[in-house]
Amino acid sequence: MRTHYCGELNKEYIDQTVDLCGWVNRRRDHGGVIFLDLRDKQGIAQIIINPEQQETFSIAEGVRSEFVLRVTGQVIARSEGMTNEKISSGQIEVVATNIEILNNSKPIPFQIDSIDTSEEVRLKYRYLDLRREEMQSKLRLRSKVTHFMRDFMDRNDFLDIETPFLTKATPEGARDYLVPSRTHPGEFFALPQSPQLFKQLLMMSGFERYYQIVKCFRDEDLRADRQPEFTQLDVETSFMSEDEIMSMMEEMTREMFKSVIDVDLPSKYPVISYQEAMNLYGVDRPDMRIPMKMVDMDEIMKGVDFKVFSGPANDNASRVAALKIPGGASISRKNIDKYTKYVGIYGAKGLAYIKLNEDGPSSPILKFLGDEVISQIISNTEAVTGDIIFFGADKTKIVNESLGNLREKIANDLKIYSSDWEPIWVVDFPMFDTNSDGSLSAVHHPFTAPSVSSEELINNPEAALSKAYDLVINGSEIGGGSIRIHQTEMQQTVLKILGINEEDAQEKFGFLLNALEYGCPPHGGIAFGLDRIVMIMTGSESIRDVIAFPKTQTAACMLTDAPAEVPKKILRELNIKTIK
RNA sequence: GGUCCGGUAGCUCAGCUGGUUAGAGUGCCUGCCUGUCACGCAGGAUGUCGAGGGUUCAAAUCCCUUCCGGAUCGCCA
């Protein structure tokens, strides 16, 4: 139907006769001459209709926004002063000799070239929202990313193997999405939270290198960066060490950033331990673009006559830490109140601070600390005039979370970034987390290998570290993986520590335990969050902006109105009775 | 489950210390206009003020409940 795309036309096509197909982006009717901006997937071209072309002109008079047209015309140069720098075809225009209306359009609920439409409306008319150039380019970039991933994995001898969506509920972890079985009354499949066990089984099957770009499902509350169904690049290898896997995945991400958005990531990504990340940045996914670190104040504060600080400083489960903001003395009282409120959501009871003004330090807590302590604080934080120092003093978890998140919030508010792109590996995660009831749960997942022997593990599980690694870019956890347990005894030990008895283990994933006994190779892998990668590459605020048809915060689809009730007859077939 | 913000014309929003017939911009419709590119000018139509209940002589406005959207804590191996 077409010979060219609107967006590709430029001076080189002058005098050519072209057939264009697309949507009417805008119509400008001057009475005697009509301009149409015709839009296709490549861009926009201006069509001009002169009254001499009587038939064409009368068609153009009836054309409205978003009509679908096929336009035949001649490319001509625009005369000086009439070019449009905003569009790629702005040097030329097309004189229409014929217009065919392929379809008309009702007036659309919002303008395609306007961004200020509520997300609610955008999602309801997602097919119109996706016509916007911003959305088109984000999904184009997403396609480039997946294409690059497949190409890289294929070049490195990885096999793309599909795993089931209808599978078995996993122990621990997130809430499962369930699918009723018609043929097994009262029984349910679970949609996979990840293909974890299947990819491990593929290693036991001898494929050695597996990958898949695959949907995962978790029935948990949504966030700006969390959807109930999301996509992973899932990878598993045999006979590769942690270092070998990390270095290969580094190469993958480095080449990907270069090829997709022309960004040069460092030739070697820095590595930080979980413990150090928590101490310095308060989070396990540090944003290394921010040139600020937390400074430990426990030693300095142990003896001060100020219980708010000395209490936590002398308690092993607590800490006192400082966060210096360069140039932060200009932060207003009002904003300090705002930040105090902000850290409150993480449980902090207050936010002490010292401002370093021209005329010396100023702070409501100066009188409690004394000159010597204050000068120690200033020297330890390397603070200078014009800075502000914030303090956290509480349970370690509260201090880390409040100062860690405050660090990111202030950096964003004040635009304190030392660079644009900073990847970092976080390693040496603990194996287990202690629950409120004293029981243990896996930090990564129950198949992650510890970096200690099974004797050491059972003797002191809380202290054991795992062979897990997360890749963090700009404070966003974009990938995580581990070396897996490949020996039955170790796997049983871990399950035992997690409080899963042998019977339960057999019932829940006996297949994996059995498979371990038939020559399971050492193996490990990683999974990348595709949506989050595309988010940071496109600078999107919301994960919904990089997914064609996303769900709202209540996990509903505004377009299709899913989820929906189903006829009683169908429920009966599935042996399901609803309570409500 | 908790906290916070929002819901008024197709869209974006103002109005909210209660008080005449609920406004603006934009879109839409009509007319005029031969160089615009967010064209311009003139005129016109368009509202369950998210829903339900309450207070009141009177509710978009105050109170309660509820639904929807968003941010976030918990949750997310």
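Owing to the predicted nature of the structure, the values given are computational and were not obtained by experimental measurement. Protein chains get the first letters and strands the later ones, always in sequence-line order, with residue 1 at the start of each.
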Would you please confirm or rule out a distance under 4.0 Å between OP1 or OP2 of [N] and any side-chain N or O of [X]?
| X | N | result |
| --- | --- | --- |
| K341(A) | U3(B) | no |
| R26(A) | U26(B) | no |
| R27(A) | U36(B) | no |
| R223(A) | C76(B) | no |

Check: If you measure from the P atom in U61(B) to the same atom in G25(B), how many Å do you get, rounded?
Finding: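 That atom pair is separated by 25 Å.
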
Notebook entry, point to check: When you compare G7(B) with U66(B), how far apart are their C1' atoms, in angstrom units rounded to a whole number?
Noted result: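 It comes out at 14 Å once rounded to the nearest Å.
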
Check: Does the aromatic ring of H30(A) sit over the six-membered base ring of U36(B), closer than 5.5 Å centre to centre and tilted less than 30°?
Finding: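 By the stated criterion, H30(A) and U36(B) do not stack.
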
Next item on the list: Would you please name every residue forming a ring pair (Phe, Tyr, Trp, His ring centres under 6.0 Å) with F528(A), sequence neighbours left out?
Entry: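 Counting only residues at least two positions away or on another chain, F528(A) forms no ring pair (Phe, Tyr, Trp, His ring centres under 6.0 Å).
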
Next item on the list: Identify, with sequence neighbours excluded, every residue that meets ring pair (Phe, Tyr, Trp, His ring centres under 6.0 Å) alongside H486(A).
Entry: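 Partners of H486(A) under the ring pair (Phe, Tyr, Trp, His ring centres under 6.0 Å) test: none.
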
Check: In residues 392-407 of chain A, what residues come within less than 4.0 Å of RNA chain B, judged by heavy atoms?
Finding: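 Per residue number, the list reads E401(A).
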
Atom pairs, protein N/O to nucleotides 6-13 of chain B N/O, distance under 3.5 Å:
| residue | atom | partner | partner atom | Å |
| --- | --- | --- | --- | --- |
| G10(B) | O2' | P109(A) | O | 3.1 |
| C11(B) | O4' | P109(A) | O | 2.9 |
| U12(B) | OP1 | S118(A) | N | 2.6 |
| U12(B) | OP1 | S118(A) | OG | 2.8 |

Anything under 3.5 Å between a protein N or O and an N or O of nucleotides 28-31 of chain B, put it in a table, one pair a line.
| residue | atom | partner | partner atom | Å |
| --- | --- | --- | --- | --- |
| C29(B) | OP1 | R64(A) | NE | 3.1 |

Check: Any side-chain donor paired with an acceptor under 3.5 Å for R78(A) and N84(A)?
Finding: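 No pair is found: no donor N or O on one side chain lies under 3.5 Å from an acceptor on the other.
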
Notebook entry, point to check: Considering all heavy atoms of both residues, which atom of K124(A) and which atom of L559(A) are nearest to each other, and what is their separation?
Noted result: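 Here K124(A) and L559(A) meet closest at O-CD1, 3.2 Å.
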
Next item on the list: Side chain of R218(A) only, please: which of U34(B), C76(B), G69(B) is the nearest?
Entry: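 Output: C76(B).
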
Sub-3.5 Å pairs of nitrogen or oxygen atoms, protein against nucleotides 41-50 of chain B:
none

Next item on the list: Could you state the atom-to-atom distance from CD1 of I49(A) to C1' of G35(B) in whole Å?
Entry: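 Rounding to the nearest Å, CD1 of I49(A) and C1' of G35(B) are 13 Å apart.
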
